[in-house]
There are 2 protein chains.
Amino acid sequence: MTYSPELLKGTLKTIVLKLLADNKKMYGYEITQRVKELTLDKIQITEGSLYPTLHALEYEKLVTTETEYIGKRVRKYYTLSAAGRAKTKEKVVEMTDFMRTMMVLLDIQPKLS
Amino acid sequence: MTYSPELLKGTLKTIVLKLLADNKKMYGYEITQRVKELTLDKIQITEGSLYPTLHALEYEKLVTTETEYIGKRVRKYYTLSAAGRAKTKEKVVEMTDFMRTMMVLLDIQPKLS
DNA sequence: TGCAATATATAGGACTCCTATGTATATTTG
DNA sequence: CAAATATACATAGGAGTCCTATATATTGCA
């Protein structure tokens, strides 16, 4: 089961930022795999959305990049900047607040486990 | 404080359906006010997104409509159909599951109060 | 050798919501 | 009583975000 694609809208950037905040340094493909794994295949980020998102983060100076070669294969690592770390915090807070509001609206009980 | 507009994407239909499920019969303007009130002004649904959404729900046979006159002013009431009730349940479940997944991803603790 | 996995990238399009605008009635306030 | 605000619906055009499809190339495995 995967979610309606619209649900992801507005959350992709937050997810990527949060992963980078927790892992210091990641590359694109690794991010897609990590998300897939952490969400038990429920969220699968496509390349078509991830790479443009990463490029946008770079353009906004929220991440810095470094290229590495694994044999002959290129790998591009992304690392959060100070601004990126601040933005991550901000985005996570907003998402948290939004979800709390949605729970009230939809009359959902928060459930652990 | 209002949320980034992208966050609402994919959730508007669910919100409208849920309100109709809880209230039997509502009209457009009433929905905007109810959402504003329930979310303490954090979510403000605009007419430009609400009315097309309501028309879409009608087209999909998830709601039925009846027009009423308050003096000379038109008021269009929306009521959930059986299919609409089923769809609401489905949407709320999906949203709940999605939020739970996001909480894991973003390492958010559910909090009451 | 051929397929799957690893790895990045982009053009074009789909979808969803918002801005801006239009129309009209009802109520409140200065 | 005039003006502003609230009530009430509607739509065209546009902005933003993500996906599909495609392209390229290396690596590992059967």
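Keep in mind that what you see is a predicted model, and the values were worked out from it rather than measured. Residue numbers start from 1 in every chain, and the chains themselves are labelled A, B, ... in the order their sequence lines are given, proteins ahead of strands.
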Where chain B begins and ends its contact with DNA chain C, read 5' to 3' at 4.0 Å from heavy atoms:
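The contacted stretch runs from dT16(C) to dA26(C).
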Between [X] ([atom1]) and [N] ([atom2]), how many Å, whole number?
| X | N | atom1 | atom2 | answer |
| --- | --- | --- | --- | --- |
| Gln33(B) | dC9(D) | CD | C1' | 14 Å |
| Ile43(A) | dT17(D) | CD1 | P | 18 Å |
| Glu60(A) | dG16(D) | CD | C1' | 13 Å |
| Arg34(B) | dT7(D) | CZ | C1' | 16 Å |
| Tyr69(B) | dT7(D) | OH | C1' | 15 Å |
| Leu7(B) | dG16(D) | CG | P | 16 Å |

Any side-chain heavy-atom pair of [X] and [Y] under 4.5 Å:
| X | Y | result |
| --- | --- | --- |
| Thr96(B) | Arg100(B) | yes |
| Leu54(A) | Val16(A) | yes |
| Tyr51(B) | His55(B) | yes |
| Leu20(B) | Thr79(B) | no |
| Ile43(B) | Phe98(A) | yes |
| Val92(B) | Lys18(B) | yes |

When you get a sec, tell me which of dA8(D), dA10(D), dT22(D) is the closest nucleotide to the side chain of Arg73(B)?
dA8(D)
Please check the phosphate of dA8(D) (OP1 and OP2 only) for any side-chain N or O of Arg75(B) closer than 4.0 Å.
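Yes, Arg75(B) has a side-chain N/O under 4.0 Å of OP1/OP2 on dA8(D).
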Kindly give the cluster partners of [X], where membership spreads through any ILVMFWY side chain lying under 4.5 Å from a current member.
| X | answer |
| --- | --- |
| Ile70(B) | none |
| Val104(A) | none |
| Val74(A) | Tyr69(A) |

Tell me the closest heavy-atom pair linking Tyr27(B) and Lys76(B), and the distance in Å.
CB-O, 3.1 Å
Under a 4.0 Å heavy-atom cutoff, the residues of residues 12-32 of chain B touching DNA chain C are Leu12(B)
Going by number, which of residues 48-59 of chain A have a non-hydrogen atom under 4.0 Å from DNA chain C?
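Going residue by residue through residues 48-59 of chain A, the ones with a heavy atom under 4.0 Å of DNA chain C turn out to be Gly48(A), Tyr51(A), Pro52(A), His55(A).
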Classify the nucleic acid contact of Thr11(B) as base, sugar-phosphate or nothing, counting any heavy atom under 4.0 Å across all strands shown.
sugar-phosphate
Checking side chain to side chain contact (heavy atoms under 4.5 Å, CB included) between Ile45(B) and each of Thr39(B), Val35(B), Thr53(B), which is the one that passes?
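Filter result, single survivor: Val35(B).
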Closer to the 5' end of DNA chain C via nearest nucleotide, is it Val74(A) or Lys9(A)?
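Per heavy-atom nearest nucleotide, the more 5' residue is Val74(A).
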